[in-house]
Undergrad: 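Please find one structure pasted underneath; my questions will follow.
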Number of protein chains: 2
Amino acid sequence: METSDLKKAGLKVTLPRMKILEILENSETRHLTAEAIYRELLDSGEEIGLATVYRVLTQFEAAGLVCRLHLEGSQAVFELERGGHHDHIVCNQCGRVEEFFDETIETRQREIARQHGFSIKDHALVLYGDCSDSACPHRPV
Amino acid sequence: METSDLKKAGLKVTLPRMKILEILENSETRHLTAEAIYRELLDSGEEIGLATVYRVLTQFEAAGLVCRLHLEGSQAVFELERGGHHDHIVCNQCGRVEEFFDETIETRQREIARQHGFSIKDHALVLYGDCSDSACPHRPV
DNA sequence: CGGCTCGATGATCAAGATTCTCATTTCTAT
DNA sequence: ATAGAAATGAGAATCTTGATCATCGAGCCG
């Protein structure tokens, strides 16, 4: 259950936080902007301010509940942290986001960092392309 | 010479454009924010507006003369496009940026994209770490 | 269950980065 | 040199995100 995760992070269990968690859990794309979450809240009749959405997402990020990603657009997208690390492929046409994990790349990254005298702490890898060779069946984000 | 590149891109050869190219060429870090370029222009006595810097950099990007990167900070950084593609390692401590190219990673990226039904067009890979294990000799950006 | 205390919220404002507007200036071709 | 088109500068505008502050509600204690 998620309310325990909230408490564990020292956050009170409030309606805005639960609603936002719920939206993140039930989202089909699993990668939402703060604005998109805000709009879903409005659509479901919740009177929750945009500032609260940003504040809550930032707290969730600090608590390790969500990841903040900077894909192509100007807005950050947030995804629920479910288990492991992964990287992303974004379709230039429809904005669809897919996830992948590749041990070969992870290993090479560590080797490259070591060769340059860096101890790697994190990385960001995003592939951009066109999905399904022009018959892209998804709508833009 | 660079003025020919400007003409080739359909851009008039103007003083702001030449000065900005010059700064990009002579920069030691090779990765500059628009603000940093603007400050260098002011320091060298040029009366060039920040809006022009952004405008020119955007045009240079469209012409393939420079790359725009989103590293850690909130500001984009620009680097002169010299030959080949490469990715970046950024030091969390001092902000230093190093470049690398790894065929293994490039190949794996193409394979992964294909497996997901994507034709890859571009990618962004940034490694974040600490350089030289705590004895970081460089200043913050 | 009722109240207390502090964290959470909402509304608005603010900040930072980047782009836009528009009058003026500067290239470039003629 | 001159006209026409494009570029510039200054500032306003925009977009995203974080800050402020008064009000509200969650959680704890009796």
Undergrad: If you find the nucleotide of DNA chain C closest to A/Arg55 and the one closest to B/Leu15, which residue's nucleotide is nearer the 5' end?
TA: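 Residue closer to the 5' terminus by nearest nucleotide: A/Arg55.
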
Undergrad: Answer with base, sugar-phosphate or nothing: what part of the nucleic acid does A/Thr52 contact at a heavy-atom distance below 4.0 Å?
TA: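 Here A/Thr52 touches the bases of the nucleic acid.
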
Undergrad: B/His70 has an atom NE2; how far is it from atom C1' of D/dT16, in whole Å?
TA: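 Atom NE2 in B/His70 sits about 13 Å away from atom C1' in D/dT16.
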
Undergrad: Send over the distance from B/Met18 CE to D/dT8 C1', rounded to a whole Å.
TA: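 My rounded result for the distance is 14 Å.
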
Undergrad: Taking for each residue the nucleotide of DNA chain C with the nearest heavy atom, is it A/Val53 or B/Ala76 whose nucleotide lies nearer the 5' end?
TA: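 In this pair, the answer is A/Val53.
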
Undergrad: Rounded to whole angstrom units, what separation is found between the CZ atom of A/Arg17 and the C1' atom of D/dG27?
TA: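 Going from A/Arg17 (CZ) to D/dG27 (C1'), I get 13 Å.
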
Undergrad: Just verifying a value: how many Å separate B/Phe118 CZ and A/Leu127 CG, rounded to the nearest 0.5 Å?
TA: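 Reported to 0.5 Å precision, the distance equals 9.0 Å.
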
Undergrad: Distance-only, no hydrogens or angles: does the A/Thr58 side chain make a donor-acceptor pair with backbone N or O of A/Tyr54 under 3.5 Å?
TA: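 Yes; at least one donor-acceptor contact below 3.5 Å.
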
Undergrad: With a strict under 4.0 Å distance from non-hydrogen atoms of chain B, what nucleotide opens and what nucleotide closes the contacted stretch of DNA chain C, reading 5' to 3'?
TA: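 Range of nucleotides touched by chain B: C/dA17 to C/dT28.
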
Undergrad: Between A/Arg114 and A/Glu111, is there a side-chain N and carboxylate O pair less than 4.0 Å apart?
TA: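 Here A/Arg114 does not pair with A/Glu111 in a salt bridge, since their nearest N and O are not under 4.0 Å apart.
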
Undergrad: If you check every side-chain atom of B/Lys12, which of D/dA6, D/dG9, D/dG18 has the closest atom?
TA: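 Comparing D/dA6, D/dG9, D/dG18 against the side chain of B/Lys12, the answer is D/dA6.
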
Undergrad: Considering only side-chain heavy atoms of A/Arg68, which listed nucleotide, D/dA26, D/dT17, D/dT20, is closest?
TA: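 So the nucleotide nearest the side chain must be D/dT17.
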
Undergrad: Do other residues, nucleotides or ligands put more than 12 heavy atoms under 6.0 Å from B/Glu47 CD?
TA: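 12 or below, so no.
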
Undergrad: Pick base, sugar-phosphate or nothing for B/Ala34, based on heavy-atom distances below 4.0 Å to the nucleic acid.
TA: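 No contact.
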
Undergrad: Look at A/Arg17 together with A/Glu46 and state whether they make a salt bridge at an N to O cut-off of under 4.0 Å.
TA: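 No salt bridge links A/Arg17 with A/Glu46.
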
Undergrad: Applying side chain to side chain contact (heavy atoms under 4.5 Å, CB included) between A/Gln59 and each of A/Leu65, A/Val66, A/Leu11, A/Leu6, report the one that passes.
TA: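 Going through A/Leu65, A/Val66, A/Leu11, A/Leu6 one by one, the side chain to side chain contact (heavy atoms under 4.5 Å, CB included) with A/Gln59 is satisfied by A/Leu11 alone.
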
Undergrad: Does any donor atom in the side chain of A/Arg55 or A/Thr52 lie under 3.5 Å from an acceptor atom in the other side chain?
TA: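 The answer is yes; a qualifying pair exists.
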
Undergrad: Please work out if B/Glu35 contacts a base, only the sugar-phosphate, or nothing of the nucleic acid, heavy-atom cut-off 4.0 Å.
TA: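 No contact.
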
Undergrad: Who are the ring pair (Phe, Tyr, Trp, His ring centres under 6.0 Å) partners of B/His123, not counting sequence neighbours?
TA: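 Applying ring pair (Phe, Tyr, Trp, His ring centres under 6.0 Å) to B/His123 gives B/His85.
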
Undergrad: Between the opening five pairs and the closing five pairs of the helix from C/dC1-D/dG30 to C/dT30-D/dA1, how far apart are the helix axes, to 10°?
TA: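 Answer rounded to 10°: the end axes differ by 30°.
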
Undergrad: Can you tell me if the side-chain N/O atoms of A/Tyr54 get under 4.0 Å from OP1 or OP2 in D/dG18?
TA: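 Checking D/dG18 against A/Tyr54, no side-chain N or O comes under 4.0 Å of OP1 or OP2.
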
Undergrad: Establish whether A/Leu125 and B/Phe101 are linked, either directly or via other cluster members, by ILVMFWY side-chain heavy-atom contacts under 4.5 Å.
TA: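 Looking at the clustering, B/Phe101 is in a separate group from A/Leu125.
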
Undergrad: Base, sugar-phosphate, or nothing: which does A/Ile48 touch, judged by heavy atoms less than 4.0 Å apart?
TA: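 If one applies the 4.0 Å heavy-atom cut-off, A/Ile48 turns out to touch the sugar-phosphate alone, with no base involved.
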
